[in-house]
Amino acid sequence: MLQTAVARSGYREKRAALAVERAAGRASGRGLGLSLFFHGCGFTGSGEERLASRAALELTAGGARVLVANTEIGQGARTTLAQIAADALGWPLEAIEVATPDTGLVPDSGPTVASRTCMVVGGLLERCGAAMKEKLGGLAPRDYLAAHGPLVVTEQYRRPAGTSWSDETYRGDAYGTFGWGCNVVELELDPDTCEVRPTRVTAAIDVGRAIHPQVVAGQIEGATAQGLGWALLEEVVMRDGSMANASLTDYIIPTAIDTPPIEAVIVERPYAHGPFGAKGVGELPIDGVAPAVVNALRSVGVDLRDLPASPERIAACASR
């Protein structure tokens, strides 16, 4: 991740140029910061075993129907899960339906959280697809249904071979795998107003295997923008045990105007137990943005210890 992010961002060259500027007394307020980070995929420890999630594929006359409880909330899960099923069966995407995640109709595949939908539930669907393909024995769906009747294949989560965890000692493999990342943030600090304007973010993210590259890039870009909000704008104000700024009138979040160009660099190092090598990607990209922003500010002499990096906090740092 480090090598990829440094190369794609031109980090070494830009750092050297900024050093020359400062040595010549031409401080421009431009900062450059880097962070390295990682995130566990799926529930911690024995969490996935306790959930014992199940996913199913139901044969239809025209293909198959995905039966899972995981919900589409804009992250692309519906497309990704359908694609995994299609690839496992060797069929076109158009042959796959995705059932409404009504708990009266679908098995319990666990919650839509923890960077687990693609990796854990998608892994179950890959196994369902392989099992269904074997049962069909080369028959078309319509022919199989006519000869044998309905077919539903269900798979349940099992811990990957070679991993272990103890709830008693809290030792072992805390996660099936980890996602890794590196961010490079470039910013400008206004010396008069102490306002920070991010100008570019490079995000190199290890996703194992990108099932749908466009969806993955969208996840990386969205989470990176959220990370910038955490670093620069968003602040929960508590007063008398409750949130004092619990509306968008008072709680500031980044908009498109606040978002700089983001280069989402997808790095693929396949995970042996993920669907076609995929890992989780939902949460990882938000983790490294704020540390990179803080490091970029330190490169211009602002030693910030609290977030967000508001003009007031930066001015207080400068006056110390």
Side-chain angles (χ1 to χ4, degrees), residues 5 8-9 14 28-35 37 39 71-79 112-113 115 181-205 207 212-239 242-266 281-300 302 304-317:
R8 292 291 287 266
S9 65
K14 290 173 181 176
S28 61
R30 292 191 296 135
L32 182 66
L34 181 148
S35 65
F37 49 99
H39 199 104
T71 55
E72 172 59 62
I73 50 177
Q75 82 281 41
R78 187 181 181 90
T79 300
T112 312
V113 299
S115 298
C182 181
N183 280 166
V184 175
V185 167
E186 301 168 49
L187 56 78
E188 293 178 354
L189 175 63
D190 188 305
D192 298 317
T193 65
C194 294
E195 291 177 289
V196 178
R197 185 173 71 89
T199 56
R200 183 177 182 82
V201 181
T202 303
I205 303 294
V207 303
H212 193 302
Q214 189 173 0
V215 166
V216 170
Q219 287 273 59
I220 295 171
E221 291 166 2
T224 301
Q226 285 182 289
L228 287 170
W230 174 32
L232 298 172
L233 298 172
E234 300 185 45
E235 183 166 21
V236 173
V237 178
M238 300 299 293
R239 187 175 297 135
S242 62
M243 187 174 173
N245 58 334
S247 76
L248 293 179
T249 301
D250 307 306
Y251 187 87
I252 308 302
I253 63 172
T255 68
I257 295 173
D258 305 298
T259 306
I262 297 169
E263 183 178 9
V265 185
I266 297 171
V281 70
E283 296 161 303
L284 170 68
I286 198 175
D287 293 346
V289 186
V293 166
V294 168
N295 284 334
L297 287 170
R298 286 179 178 159
S299 77
V300 294
V302 178
L304 195 70
R305 300 303 175 103
D306 294 296
L307 293 176
S310 63
E312 294 83 1
R313 283 198 173 98
I314 292 172
C317 282

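Annotation: side chain of Cys317 is not in contact with side chain of Arg305 (no heavy-atom distance under 4.5 Å). By the 4.5 Å heavy-atom criterion applied to side chains, Ile220 and Pro285 are counted as neighbours. Looking only at side-chain heavy atoms (C-beta outward), Trp230 and Leu307 come within less than 4.5 Å of each other.
Between the side chain of Thr259 and the backbone N or O of Ala225, no donor-acceptor pair lies under 3.5 Å. A donor-acceptor distance shorter than 3.5 angstrom exists from the side chain of Asn295 to the backbone of Leu34, with no hydrogens or angles considered. Formation of a donor-acceptor pair under 3.5 Å by the Ser242 side chain with backbone atoms of Met238 is not found in this model. The closest donor-acceptor contact from the side chain of Thr255 to the backbone of Ile257 lies under 3.5 Å.
More than 12 heavy atoms of other shown residues, nucleotides or ligands fall within 6.0 angstrom of atom CZ in Arg200.
Screening residues 218-228 for side-chain hydrogen bond (donor to acceptor under 3.5 Å, both in side chains), with sequence neighbours left out, gives no hits.
For the pair Thr193 and Pro311, the tightest heavy-atom approach, listed with the atom from each and the gap, is O-CB, 3.4 Å. Nearest heavy atom pair, residue Pro198 against residue Leu228, reads CB-CD2, 4.2 Å. The two residues Tyr251 and Asn245 have their closest heavy-atom pair at CB-O, 3.3 Å. Closest approach of Ile314 and Ala309 over heavy atoms only: CD1-O, 3.7 Å. Of all non-hydrogen atoms in Val201 and Pro260, the two that sit nearest each other are CG2-CG, 4.1 Å. The two residues Pro291 and Ser35 have their closest heavy-atom pair at CB-CB, 3.8 Å.
For the atom pair CG (Leu304) and CG (Asp306), the distance works out to 6.5 Å, reported to the nearest 0.5 Å. Here the straight-line distance linking atom CG of Leu189 with atom CG of Leu297 works out to 6.5 Å at 0.5 Å rounding. To the nearest 0.5 Å, the span separating CG on Leu187 from CD on Glu195 amounts to 13.0 Å. Taken to the nearest 0.5 Å, the CD atom of Glu235 stands 6.5 Å off from the OG atom of Ser310. With rounding to the nearest 0.5 angstrom, the OG atom of Ser9 is 6.0 Å from the NZ atom of Lys14. Note that CD1 of Ile286 is 10.5 Å distant from CZ of Phe37, once rounded to the nearest 0.5 Å.
For the salt bridge (Lys or Arg N to Asp or Glu O under 4.0 Å) test, no residue two or more places apart in sequence or in another chain qualifies with Arg78. The salt bridge (Lys or Arg N to Asp or Glu O under 4.0 Å) search around Glu188 returns Arg197, not counting sequence neighbours.
The pair Glu186-Arg30 does not meet the salt-bridge criterion, since no charged nitrogen lies less than 4.0 angstrom from a carboxylate oxygen.
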